[in-house]
Peer 1: 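The structure follows.
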Amino acid sequence: MQLLNQELKKPWTKQEFESVLYSQKSRYHHLHPFHQRMNQGLLTQTEIRNWVANRFYYQKNIPLKDAAILANCPDREVRREWIERIIDHDGRSGDEGGIEAWIQLGKSVGLSPSELLSERHVLPGVRYAVDAYVNFCRNQLWIIAIAASLTELFGPDAIQVRLAALESHYDWIDPTGFEYFRVRLKKAPRDAKYALNLVLQHCTTGDSQEQAVQALAFKCDLLWTQLDAIDKGDTRPAIEE
């Protein structure tokens, strides 16, 4: 999906383009039946653990997709800003980052770090969707890959609802595990604003704008597909010993 030299359609104004990007919220996974049941307090402990274990595979791949964007980006100033996302998730001395925070969430729901890190609970559909996202960011122009990350625009509201639901309905979870969500409530709006401004600045032709919207829709579909797999669980036949 590389940008074409020839403009194929009349570009939107910046305001129109931003509105179309925001309209993709109707595809965001906060509307998925699994998240709806989570927010209503209807998930079992097994379902919560399965979600945490599989979502960890997505979390641990976020720095890889951001490194792919960096590798394709020729703009030094953008690279200097974007690299902070890798640090936010991988952490550094004195600040262990988002991956470690998710491992703590795993502990809080009864999953050991080795269970998460071994990927033994990762479902095929989840692995396929996450790997497809990383490969997308490796193979697309950097600004189109950044457009895919704009699901961050919709994240804070969903996280706020999710955090309140986890605290209210799942008192068996150690609340120290919720730090990941509290940190993202602060950092996600900042990250989303920066990424949105980049996309609005660099996608100025009709074709590039359309590709940016398609990239964001792709990311929404990917997140939805992950939850489809988690919702259905492991449907493979048991292996006979």
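Just so it is clear, the model here is predicted, and its values are computed rather than measured.
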Peer 1: Would a single hydrophobic cluster contain both L141 and L200, if residues Ile, Leu, Val, Met, Phe, Trp and Tyr are joined by side-chain heavy-atom contacts under 4.5 Å?
Peer 2: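 In one cluster with L200: L141, yes.
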Peer 1: Tell me the closest heavy-atom pair linking H30 and K25, and the distance in Å.
Peer 2: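 Taking H30 first and K25 second, the nearest heavy atoms are CE1-O, 3.5 Å.
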Peer 1: Consider only side-chain heavy atoms of I, L, V, M, F, W and Y, link residues closer than 4.5 Å, and tell whether V161 and I230 are in one cluster.
Peer 2: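 They do not share one cluster, since no chain of ILVMFWY contacts under 4.5 Å joins V161 to I230.
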Peer 1: Evaluate the side-chain contact (heavy atoms from CB on, under 4.5 Å) criterion for residues T225 and L222: first the C-alpha distance (whole Å), next the side-chain angles of each, then the deciding distance (0.1 Å), finally the verdict.
Peer 2: CA-CA 5 Å; T225 298; L222 176 149; 5.7 Å; no
Peer 1: Starting from the C-alpha separation in whole Å, work towards a yes-or-no answer on side-chain contact (heavy atoms from CB on, under 4.5 Å) for L123 and N50.
Peer 2: CA-CA 9 Å; L123 296 163; N50 190 42; 4.1 Å; yes
Peer 1: Does the side chain of D66 come within less than 4.5 Å of I62's, by heavy atoms?
Peer 2: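 Yes, their side chains come closer than 4.5 Å.
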Peer 1: Restricting to non-hydrogen atoms, name the atom on A215 and the atom on A147 that form the minimum distance, rounded to 0.1 Å.
Peer 2: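 Reported closest heavy-atom pair: CB-CB, 4.3 Å.
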Peer 1: Quick check: do R184 and E152 have side-chain heavy atoms less than 4.5 Å from each other?
Peer 2: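 Yes. Closest side-chain heavy atoms under 4.5 Å.
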Peer 1: Linking I/L/V/M/F/W/Y whenever any side-chain heavy atoms sit under 4.5 Å apart, do I99 and I87 land together?
Peer 2: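 No; I87 is not reachable from I99 via cluster members.
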Peer 1: Between S149 and K65, what is the shortest heavy-atom contact and its length?
Peer 2: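 Minimum heavy-atom separation between S149 and K65: CB-NZ, 4.0 Å.
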Peer 1: For the residue pair D228 and H32, confirm or rule out a side-chain donor-acceptor distance under 3.5 Å.
Peer 2: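 Result is yes, a qualifying pair exists.
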Peer 1: Output yes when K60 and E119 qualify as a salt bridge under the 4.0 Å nitrogen-oxygen rule, no when they do not.
Peer 2: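 Result for this pair is yes, salt bridge flagged.
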Peer 1: Counting C-beta onward and ignoring hydrogens, is there a side-chain heavy-atom pair between L42 and M38 closer than 4.5 Å?
Peer 2: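 L42 does not reach M38 side chain to side chain.
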Peer 1: Taking the side chain as everything from C-beta on, heavy atoms only, tell me whether V122 gets closer than 4.5 Å to F56.
Peer 2: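 When only atoms from C-beta onward are counted, F56 and V122 do not touch, as no gap falls below 4.5 Å.
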Peer 1: Does R37 reach the side chain of P33, with side-chain heavy atoms less than 4.5 Å apart?
Peer 2: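 Yes, at least one pair of side-chain atoms sits under 4.5 Å.
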Peer 1: Around atom CD of Q160, are there more than 12 heavy atoms from other residues, nucleotides or ligands closer than 6.0 Å?
Peer 2: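 No.
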Peer 1: Just verifying a value: how many Å separate I69 CD1 and L64 CG, rounded to the nearest 0.5 Å?
Peer 2: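 Answer for the CD1-CG pair, I69 versus L64, is 11.5 Å.
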Peer 1: Taking atom CD1 of I83 as the centre, report whether more than 12 heavy atoms of other residues, nucleotides or ligands fall under 6.0 Å from it.
Peer 2: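 At most 12 heavy atoms, drawn from other residues, nucleotides or ligands, come within 6.0 Å of this atom.
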Peer 1: Looking at C137, is its backbone amide N or carbonyl O close enough to the side chain of Q140 to form a donor-acceptor pair, meaning the two atoms are under 3.5 Å apart?
Peer 2: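 Side chain of Q140 to backbone of C137, a donor-acceptor pair under 3.5 Å: no, none is there.
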Peer 1: Could you tell me whether the side chain of Q211 and the main chain of S208 form a donor-acceptor pair under 3.5 Å?
Peer 2: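 No, Q211 side chain to S208 backbone: no donor-acceptor pair under 3.5 Å.
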Peer 1: For a 4.5 angstrom cut-off between non-hydrogen side-chain atoms, does V213 reach W12?
Peer 2: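 Answer yes - side chains close enough.
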Peer 1: What's the separation between atom CG in N39 and atom CZ in R162, rounded to the nearest 0.5 Å?
Peer 2: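 So the CG of N39 and the CZ of R162 are separated by 7.0 Å.
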Peer 1: Which label fits H35 and W51: parallel for a plane angle under 30°, tilted from 30 to 60°, or perpendicular past 60°?
Peer 2: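 The arrangement is perpendicular - the two ring planes meet at more than 60°.
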Peer 1: Mind listing the closest non-hydrogen atom pair of T205 and P11 along with its distance?
Peer 2: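 That closest heavy-atom pairing would be C-CB, 3.9 Å.
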Peer 1: Quick one: are the ring centres of W102 and F181 less than 6.0 Å apart?
Peer 2: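 Yes, close enough.
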Peer 1: Quick one: sort the W172 and Y170 rings into parallel, tilted or perpendicular, breaks at 30° and 60°.
Peer 2: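 Because their plane-to-plane angle is over 60°, the rings of W172 and Y170 count as perpendicular.
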Peer 1: Drop me the distance from N61's CG to H89's NE2, to the nearest 0.5 angstrom.
Peer 2: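 The distance works out to 11.0 Å.
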Peer 1: Side chains of L153 and Y28: closer than 4.5 Å at any heavy-atom pair?
Peer 2: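 Of all side-chain heavy-atom pairs linking Y28 with L153, none is under 4.5 Å.
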Peer 1: Looking at every heavy atom in both C203 and I143, which two are closest together, and how far apart are they?
Peer 2: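 Closest approach of C203 to I143: SG-CG1, 4.0 Å.
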Peer 1: Under 4.5 Å between side-chain heavy atoms, hopping through other hydrophobics if needed: is there a path connecting L198 to Y22?
Peer 2: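 Same cluster: L198 reaches Y22 through Ile, Leu, Val, Met, Phe, Trp or Tyr contacts under 4.5 Å.
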Peer 1: Does the side chain of N197 come under 3.5 Å of the side chain of Q201 through a donor N or O and an acceptor N or O?
Peer 2: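 No, no side-chain donor-acceptor contact under 3.5 Å.
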Peer 1: Hey, are the side chains of Q24 and K219 touching, using non-hydrogen atoms and a 4.5 Å cut-off?
Peer 2: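 No. Closest side-chain heavy atoms not under 4.5 Å.
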Peer 1: Hydrophobic clustering (ILVMFWY, side-chain heavy atoms < 4.5 Å, transitive) - are V78 and V199 grouped together?
Peer 2: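 Same cluster.
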Peer 1: Verify the distance criterion only: is there a donor paired with an acceptor across the side chains of D131 and N135 at less than 3.5 Å?
Peer 2: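 Checked: D131/N135 side chains show no N/O donor-acceptor pair below 3.5 Å.
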Peer 1: Pairs of donor and acceptor atoms involving the side chains of residues 105-114, under 3.5 Å and at least two apart or interchain, shall be tabulated with distances.
Peer 2:
from: S108; atom 1: OG; to: Q104; atom 2: O; distance (Å): 3.1
from: S108; atom 1: OG; to: D174; atom 2: O; distance (Å): 3.2
from: S108; atom 1: OG; to: G177; atom 2: N; distance (Å): 3.2
from: S112; atom 1: OG; to: S114; atom 2: OG; distance (Å): 3.0
from: S112; atom 1: OG; to: E115; atom 2: N; distance (Å): 3.2
from: S112; atom 1: OG; to: E115; atom 2: OE1; distance (Å): 3.4

Peer 1: To the nearest 0.5 angstrom, please state how far the CG atom of L227 sits from the CG atom of N54.
Peer 2: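 Separation between the atoms: 10.0 Å.
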Peer 1: Mind checking the CZ-CG spacing from R80 to L70? Nearest 0.5 Å is all I need.
Peer 2: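 Spacing of CZ (R80) from CG (L70) equals 13.0 Å.
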Peer 1: Check this for me, if you would: do K186 and E179 make a salt bridge, where the nitrogen-to-carboxylate-oxygen distance has to be below 4.0 angstrom?
Peer 2: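 No, this pair does not count.
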Peer 1: Provide the closest heavy-atom pair for N72 versus W142 in the form atom of the first, atom of the second, distance.
Peer 2: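 Taking every non-hydrogen atom into account, O-CD1, 3.6 Å.
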Peer 1: Mind telling me whether Y58 and Y133 have parallel, tilted or perpendicular rings, with 30° and 60° as the class edges?
Peer 2: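 Rings of Y133 and Y58: parallel, as their planes differ by under 30°.
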Peer 1: Measuring from C220:SG to L150:CG, what's the distance to the nearest 0.5 Å?
Peer 2: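 With rounding to 0.5 Å, SG (C220) is 9.5 Å from CG (L150).
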Peer 1: Less than 4.0 angstrom from a charged side-chain N to a carboxylate O is my criterion; do R85 and D90 meet it?
Peer 2: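 So R85 does not pair with D90 through a salt bridge.
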Peer 1: Does the side chain of Y180 come under 3.5 Å of the side chain of Q59 through a donor N or O and an acceptor N or O?
Peer 2: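 Side chains of Y180 and Q59: pair found under 3.5 Å.
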Peer 1: Take atom CZ in R120; do more than 12 heavy atoms of anything else shown fall under 6.0 Å from it?
Peer 2: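 Result for CZ/R120: enclosed.
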Peer 1: Could you tell me whether W224 and H29 have their ring centroids closer than 6.0 angstrom?
Peer 2: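 For W224 and H29, the ring centres are not under 6.0 Å apart.
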